[in-house]
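The structure appears right after this line, and notes come after that.
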Amino acid sequence: EMVLTQSPATLSVSPGETVTLSCRASQSVSTNLAWYQHKPGQAPRLLIYGESTRATGIPARFSGSGSGTEFTLTISSLQSEDCAIYYCHQYNNWPSLTFGPGTKVELK
Amino acid sequence: QVQLVQSGAEMKKPGASVKVSCKASGYTFVGDGISWVRQAPGQGLEWLGWISPYNGITNYVQKFQGRVTMTTDTSTNTAYMELRGLRSDDTAVYYCARGVRPIDFWGQGTLVTVSS
């Protein structure tokens with residue numbers, strides 16, 4: 001079974017900092033990986049897909065990189081509204097699509 | 001704009017069934033699949049499966065095979081997810097979402113609580 005591991009579990013940051021979130025796959029997912037932002041009580045929002053393509057309306061401070069088994073989501077100049085849980089999601093291993101456990105980004 | 005509007009919260013007893021609806025608007029319903037994802041309290045996201053409104057083809061996660069049925073009604077642009085034999089660990093927020101590779105837009109979620 002395809003397993004996604006995210007690190008760290010929680011990130012405490014100050015506004016304006018650059019944060020880097022990691023997602024590791026137990027086997028190669030090529031570039032079939034997406035990142036979602038999820039705030040309490042809201043629907044998840046697609047940020048990045050195909051490894052590095054920003055979804056419509058997503059600010060340029062969000063960027064993604066990686067392929068195969070190692071992926072990174074970078075948030076430059078973090079804003080308070082970016083506090084959320086971030087999930088990576090692989091859609092390569094059809095039909096067993098999986099999500100990572102999430103990284104919580106909170107303000108210090 | 002794309003909208004996926006889901007039915008309201010449900011409270012069910014163990015062993016019962018629940019059927020959640022998801023009404024789509026703002027795009028061509030038959031042009032994209034509908035995925036169903038759930039999130040149990042304090043847990044991460046779990047993909048249940050997918051249906052193509054175009055031809056009705058479904059793919060379910062093996063874990064839910066035999067308990068879940070996904071359907072669509074193209075006359076009303078509505079997708080449905082029925083889960084049978086409910087257990088307490090089925091308590092979760094259930095989301096419908098457009099697409100599958102990747103999922104690009106999500107409904108607001110439906111809380112399903114299973115309790116005796």
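Just so it is clear, the values below take in all heavy atoms, side chains as well, and ignore hydrogens, waters and symmetry mates. Each chain gets a letter, A, B and so on, in the order the sequences are listed, and its residues count up from 1.
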> Does any heavy atom of chain A fall under 4.5 Å from the side chain of B:Val100, the backbone, both, or neither of them?
Replying inline: both
>> Out of B:Ile103, B:Val61, B:Leu4, return the one with the most heavy atom pairs under 4.5 angstrom to chain A.
In response: B:Ile103
>> So for A:Ala55, is it side chain, backbone, both, or neither that comes closer than 4.5 Å to the heavy atoms of chain B?
In response: neither
> Pick from A:Pro101, A:Ser96, A:Pro44, A:Ala43: which one has the most heavy-atom pairs with chain B under 4.5 Å?
Replying inline: A:Pro44
> Is it the backbone or the side chain of B:Asn59 that comes under 4.5 Å from a heavy atom of chain A, or both, or neither?
Replying inline: side chain
> Mind checking whether B:Trp47 and B:Ile51 sit in one hydrophobic cluster, side chains of I, L, V, M, F, W, Y counted as touching below 4.5 Å?
Replying inline: yes
>> Would B:Arg98 pass as a cation-pi partner of B:Tyr27, given that its NZ or CZ must be under 6.0 Å from the six-membered ring centre and within 45 degrees of the axis?
In response: yes
> What part of B:Gln39 gets closer than 4.5 Å to chain A, counting heavy atoms only: side chain, backbone, both or neither?
Replying inline: side chain
> Is A:Thr103 close to A:Ile85 at the side-chain level, that is, under 4.5 Å between some pair of heavy atoms?
Replying inline: no
> Looking at B:Trp36 versus B:Trp106, is the centre-to-centre ring distance below 6.0 Å?
Replying inline: no
> Would you say the side chains of A:Ser30 and A:Asn32 form a donor-acceptor pair under 3.5 Å?
Replying inline: no
